Amino acid sequence: MTVRVRFAPSPTGYLHVGGGRTALYNYLFAKAKGGTYILRVEDTDEARSTREFEDLQIADLKWLGVHHTEGPDVGGPYGPYRQSERKQIYLDHAHKLIEMNKAYHCFCTEEELEARKKDLPPDENGSYHYDGKCRGLSKDESNKRLAAGEKAVIRLKAPAKTYVLKDHVRGEVNFPEGMVGDFVIIRSGGLPVFNFCNVIDDWLMKITHVIRAEEHLSNTVRQLMVYEAFGATPPEYAHISLLIGKDRQKLSKRHGATSVNQYREETYLPAAMTNYLCQLGWSHPEEKDIFTMDEVAPLFSIDRFNKSPAIFDVEKLNFMNGQHLKKLPIETLLKQADQAVPKDHPYHKQSPEWKMECLNFYKDHILFFKELPESMKVLFDDSFEMTPELTDIFSWETTPKIAEYLVGVVNNLTTPFITAAQFDDWSNHIKNELKIKGKPLFMGMRAVLTAQGHGKELKFILPLTPSEILKKRVNKIAGAMK
RNA sequence: GCCCCCAUCGUCUAGCCCGGUCUAGGACACCGCCUUUUCACGGCGAUAACAGGGGUUCGAAUCCCCUUGGGGGUGCCA
């Protein structure tokens, strides 16, 4: 049996990180089993679904590297893959159930239902199910009322029996008899309801494994009933734990960024995002924590899910982003940096060689691309501002000597950039001729050359600083020291 | 209310199914130290958990029950 899995989002908003994780697991499982991963759009909530959100979600999935081989945008042998385009299929199947006497039209209005619920004794109020008033209606009677234009929903006759679900992460889950009543499968407007079309589609699309969030666990009993009504075999299930916020409540906007899109805009790496998401509820068999999806795909198994909910905490994501950033090949680094650095930044005016050197250095010092402009500030900033720290350094007797020497050599520079070797010559000169070493040497040089009391290694920073900037800055500093 | 699920360091988790090798391992964060061309990276180290109570057993983080806590469902949302 070849594995077929799907991710079935509702296009009612941006792709949620939890959705991204579910999609990722399905994708990984398909890859591990040599199966097929498909994307199905569940847009039966007409009021909230839009095509824009569908496109945005697909774009985010693509960014994550979760690629489907069947879906609304690419087609496939089991299409259409948009539920709004499958209405007739659901209707036909619902009518089949009516013919089989496993479903029926119900003419009760919401007001009637509400009124009858109120009449119930208070203790039964909580577990109210549809009372089955229309269940016994004859087909003639139903057809007559339908013909007269009366609105009706279609309800499935819920069998009075217990159901057992064998779930890959929960184990055996028992659903006692009477847990649900006759539930709606087709709304009065003719649109199907999630618990119905989801099953029809999984069945017709030959889905073998359903990996989805735990919030669907309780509802699974309704879906089992639909499979049973058709005499179909349900797929295997794996209900994964939910993602929650710091306060252990369902992850929502108040916990910060919850959509994949937001992380994308904040220049997070998709490799870091997928690495992090993958480990929120699943563990690597060899206990590795930094890995790529290509590395983990062959090892991915449905049996290593953790049952408890996981708190989405960006701290570890940040760490992982730094780790993946370091490993990026230089071509990718260049491409990403071009996008992440603002267009008007002098970075863009530099040569390809310079950029390469610059990124090779900074990749080890940043966590995100968005830090790049700020980190590079010292390379292009010729402004100077006196700080208590600098005042202190300038007051040392060694510093004016260093300044005198450096002003001389810097002003005599003829090349656009200095080399690391040149920098070594400077420091050696100060050490050997001026007899200054240790802290006074390096702090002094840093203060005179960068106007900062601290920062990254001068040996790497200075060769990336244009000589022109260096000259302006050093002269300003020298002036201020007098 | 009723039903279902869950419970190991602050966080993500390993171990649990198949009790002993667990004075519970790793990672992030935090703290300390090393490097000192300083931050970061890296290296080393420290603090830190089996929710509580009963069983079963020679022995329980691991099996059973209860309590507590948390989450989900209970829709003509998905």
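So that the names make sense, note that chain A is the first sequence line, chain B the second, and so on, each numbered from 1. Since this is a predicted model, take the numbers as computed values, not measurements. No hydrogens, no waters, no symmetry mates; every other heavy atom, side chains included, goes into these values.
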With rounding to the closest Å, how many angstrom separate the [atom1] atoms on [N] and [M]?
N	M	atom1	value
C50(B)	A24(B)	C1'	8 Å
A51(B)	C34(B)	C1'	39 Å
U62(B)	G15(B)	P	15 Å
A7(B)	A49(B)	C1'	12 Å
C9(B)	G25(B)	P	14 Å
G42(B)	G59(B)	C1'	44 Å
C66(B)	G73(B)	P	25 Å
C41(B)	C28(B)	P	10 Å

Looking at Q279(A) and I290(A), would you say the former's side chain and the latter's main chain have a donor-acceptor pair under 3.5 Å? no

K102(A) side chain vs A229(A) backbone, donor-acceptor pair below 3.5 Å: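 Checking the backbone N and O of A229(A) against the side chain of K102(A), a donor-acceptor pair under 3.5 Å is found.
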
Closer than 4.0 Å, any side-chain N/O of [X] to the OP1 or OP2 of [N]?
X	N	result
T44(A)	A78(B)	yes
S218(A)	U74(B)	no
K307(A)	C6(B)	yes
Q323(A)	G42(B)	yes
N306(A)	A14(B)	yes

When the distance from [atom1] of [X] to [atom2] of [N] is rounded to whole Å, what number comes out?
X	N	atom1	atom2	answer
D182(A)	C76(B)	CG	P	12 Å
R155(A)	G75(B)	CZ	C1'	10 Å
N275(A)	U13(B)	CG	C1'	14 Å
L317(A)	A27(B)	CG	P	19 Å
L277(A)	A27(B)	CG	P	22 Å
F312(A)	A29(B)	CZ	C1'	16 Å
K288(A)	C28(B)	NZ	P	16 Å

With respect to the side chain of R304(A), which nucleotide from A27(B), G15(B), G42(B) is positioned closest? G15(B)

Name the orientation class of the two ring planes belonging to F291(A) and H284(A) (parallel below 30°, tilted from 30 to 60°, perpendicular beyond 60°).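 The arrangement is tilted - the two ring planes meet at 30° to 60°.
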
Who does A7(B) pair with, Watson-Crick or G-U, both distances under 3.5 Å? U68(B)

Does the structure show a Watson-Crick or G-U wobble partner for A24(B), both distances under 3.5 Å? Name it, or say none.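 With both distances under 3.5 Å required, A24(B) matches none.
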
Position toward the 5' end of RNA chain B (nearest nucleotide), S283(A) or K326(A): S283(A)

Nearest-nucleotide comparison on RNA chain B, the residue closer to the 5′ end among R446(A) and C108(A): R446(A)

Extract from the structure each pairing of a protein N or O with an N or O of nucleotides 67-71 of chain B at less than 3.5 Å, listing the distance.
unit_1	atom_1	unit_2	atom_2	d
G71(B)	OP1	Q249(A)	OE1	2.0
G71(B)	OP1	Q249(A)	NE2	3.4

Flag side-chain contact, heavy atom, 4.5 Å: [X] against [Y]:
X	Y	answer
Y27(A)	L64(A)	no
L317(A)	E315(A)	no
T465(A)	R473(A)	yes

Salt bridge check, R40(A) against D202(A): does any charged N sit closer than 4.0 Å to a carboxylate O? yes

Assess whether side-chain contact (heavy atoms from CB on, under 4.5 Å) is satisfied between T292(A) and V296(A), documenting all intermediate values. CA-CA 6 Å; T292(A) 65; V296(A) 84; over 6 Å; no

When you compare the side chains of S308(A) and N306(A), does any donor N or O come within less than 3.5 Å of an acceptor on the partner? yes

